[in-house]
Amino acid sequence: MTPIEVSIVLAGVLILLVMIGVRVAFATGFIGFLGLFLIFYLDRGQDAGRAFAVSLQIAGQIPHSKMSTYVLGLIPTFILIGYLAYYAGLTQALFEAAKRWIAWLPGGLGLSTVFATAGFAAVSGASVATSAVFARIAIPEMLKLNYDKRFAAGVVAAGGTLASLIPPSAILVIYAIITESSVGQLLLAGFIPGAVSALIYGALVILLARMRSDLGPPVGGFSLAERLQVLPGALPILFVVFIIIFCIYGGWGTPTEAGALGAFVVLVMALWRGMGWDNLKGALIESAKLSAMILTMIWGVLIYVRYLGFADLPGAFSDWITSLEQPPILTLLCILGAYVVLGMFMDAIGMLILTLPITFPAVIALNGGPAVSAADSALGMSGDQVAVWFGIIVVKMAELCLITPPIGLNCYVVAGVARERHGITVQDVFRGASPFFIADVVTVAVLIAFPGIVLWLPSLVIG
Amino acid sequence: MAEATVPEDDSIVSRADRALYRVEQGFALIAGLTILAVMLVSVANILGRKLGEWANDAGLDGIAAWLGPVPGFVDWMEQAVPLIAFLAIAYCQRLGGHIRMDLLVGQLRGRALYVAEWLGTLFILVLVLVLIWGSWTHFGRSFDWNAPMYSRDSSIDIGLPLWPVKLLVPVMLAFMALRLGLQLWAYTAAIRDNPEHGVGVPRIESAAEQAEHEAETLHEIGAGEAR
């Protein structure tokens, strides 16, 4: 068998291992090591002992050498911000602030929920957890004012999906590391699409409220003093988002330093709100667990990536993709379609880690290669630009799958919180979230049609 | 905080599980404190550098001399990330925290489930054993009894020896192997006794159960928030 054939078989075995429930990080590492061994044994004609020793040496250094990377320090920091944000009392403060400032508009409390969840999701970076928190805070208030219960649940489930694009975003950092793209540019690029998604959700709520009078009343009558009073509690959120944008944009510091500054502010806020050692310890251990999970996946997949480099499967796949007799944009849409299907069954991070080593080089090749200029490219973007743009699109797609059946986790979590108290079923939540799903599809289409929305902010930094 | 449901009883395997878990919790806490340290050192670095620049521009040389970036900042950060990656790896495995797709396995019940889990765990154990060996030789190439600081290689900026962190990798993977061995043992016991939920290993939760679990955790946090 040729190395390519072996690698296709191994890719099949990898999928099988993942399907039967082997943990993704180790399934990729296992196949990577096995592949390295087979390459040296079958293709390079070494005896089994020698092939084993060589692959042992290559695979054995990856966990340490790939983890000794400065930029990876961002991931634990971003995760810590998320856990501390709960203790800093940011959730209630945000909702209250959003309520007093914008709930006078049609669909008022729904609108407040959209922006409060967007803000908190951005900082916590955890879509599912955000939906769980706001299911407790926002749904009871909406139901008290006779808001439609499906709508109330749907808004909360959908709002949580705004976590991944607005900085700080751990998933964009993971994308940057796997694809060796610029972390700073990806973090900047996420901001406008994330904000646009939130605005589109907001517009959708207003539209729904106009069309259906039974949706729920606006809430108004807050004085200016009452409005100003709630602002200080919500400010740390804006601070964290903007410190990261400005640090990278203004070149003041690295993304890692910016993330640390954000985490520091939230920590001070949480301590000021009376967080004790037990809570801090809990937040630290939880952050350590989640960081270990993500970092393990990264080194696991990098063993696989090292093998793929030897076998040149990504190269072969790219050759095949570029040889297809159809417009590149159509091929790209097919790849994105595959992500939608995969996302219905898999967690976002796992899905990206498993697929990016093969799809990313293919997309780059589809556009005309890593060094192509915007003028000569198939998609109208330079190699670096398409790397950033594709990252934003796939992350948005992965988030979108959090509100689709059968395992849209955000919907389950909202139903989990609200079922007993308010009689809201999973079906209610899926139905309530469906208009937002359609809005997201439109958003993705817009981002594909107008890549400038994604690329404008990072382009200012490159000059 | 969030604890995956790992059923317990008085059996030896369950007691061994809890004993190992206490050690793993200790390592996880050190990993957490490392994250805190990374954050504080990064803040000190950016503030020190920026304030130093401003003091310099303002002609406050006395103050500027005191301020500045943290010496060897990038070197320290590069040493810290592997600590975070490996110290909590077994803790994460104990709680079933490493991502997987349990759509198919989640459908299984009883012995079929335990056999599937046993096989999945064995795959991980094989890889981890290979990597203990490989990362140990990686450490071996760095460590030298006769070299200054026992080290053949060092970090670029301030010359930190690299072997301590390289050694950490096989050591923590050995704890991971211990955890996996224990899980194999627990699944073997479960295959033999066929209980509803195997002792000493994480229970598989459906999406709805996970969601409820998440909600409970956050409820506890919410209570903390209200204080």
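Just so we're on the same page: letters track the sequence lines, and every chain starts at 1.
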>> Please classify the contact between B:Met77 and chain A as side chain, backbone, both or neither, with a heavy-atom cut-off of under 4.5 Å.
In response: side chain
>> With side chain to side chain contact (heavy atoms under 4.5 Å, CB included) as the criterion, how do B:Ile99 and A:Arg23 come out once you've worked through the C-alpha distance, each side chain's angles and the decisive distance to 0.1 Å?
In response: CA-CA 6 Å; B:Ile99 288 184; A:Arg23 308 209 174 253; over 6 Å; no
>> Quick check on B:Lys50 against chain A: is it the side chain, the backbone, both or neither that has a heavy atom closer than 4.5 Å?
In response: side chain
> After noting the C-alpha distance and the side-chain angles of A:Tyr70 and B:Trp76, does the key distance pass the ring-ring contact (aromatic ring centres under 6.0 Å, His included) rule?
Replying inline: CA-CA 9 Å; A:Tyr70 170 68; B:Trp76 286 113; over 10 Å; no
> Do you know which of A:Gly29, A:Gly73, A:Gly60 has the most heavy-atom pairs with chain B at a distance under 4.5 angstrom?
Replying inline: A:Gly60
>> What part of A:Cys411 gets within 4.5 angstrom of chain B, counting heavy atoms only: side chain, backbone, both, or neither?
In response: neither
> Top residue by heavy-atom pair count (under 4.5 Å) with chain A, among B:Asn45, B:Val105, B:Val43?
Replying inline: B:Val43
> For A:Ile298, is it the side chain, the backbone, both, or neither that has a heavy atom closer than 4.5 Å to a heavy atom of chain B?
Replying inline: neither
> Which bit of B:Ala28 comes within less than 4.5 Å of chain A, counting heavy atoms only: side chain, backbone, both or neither?
Replying inline: both
>> What's the separation between atom CD1 in B:Ile89 and atom CG in A:Leu295, rounded to the nearest 0.5 Å?
In response: 9.5 Å
>> Using heavy-atom distances under 4.5 Å, tell me whether B:Ala80 contacts chain A through its side chain, its backbone, both, or neither.
In response: neither
>> Please evaluate residues A:Glu257 and B:Arg49 with respect to the criterion side chain to side chain contact (heavy atoms under 4.5 Å, CB included), reporting the C-alpha separation (whole Å), side-chain torsions for both, the decisive distance (0.1 Å), and the verdict.
In response: CA-CA 11 Å; A:Glu257 290 169 332; B:Arg49 193 179 63 229; 3.0 Å; yes
> Any idea which heavy atoms bring A:His64 and B:Val169 closest together, and the distance?
Replying inline: CB-CG2, 3.9 Å
> Once the angle between the rings of B:Phe123 and A:Phe30 is folded into 0 to 90°, is it parallel (under 30°), tilted (30 to 60°) or perpendicular (over 60°)?
Replying inline: perpendicular
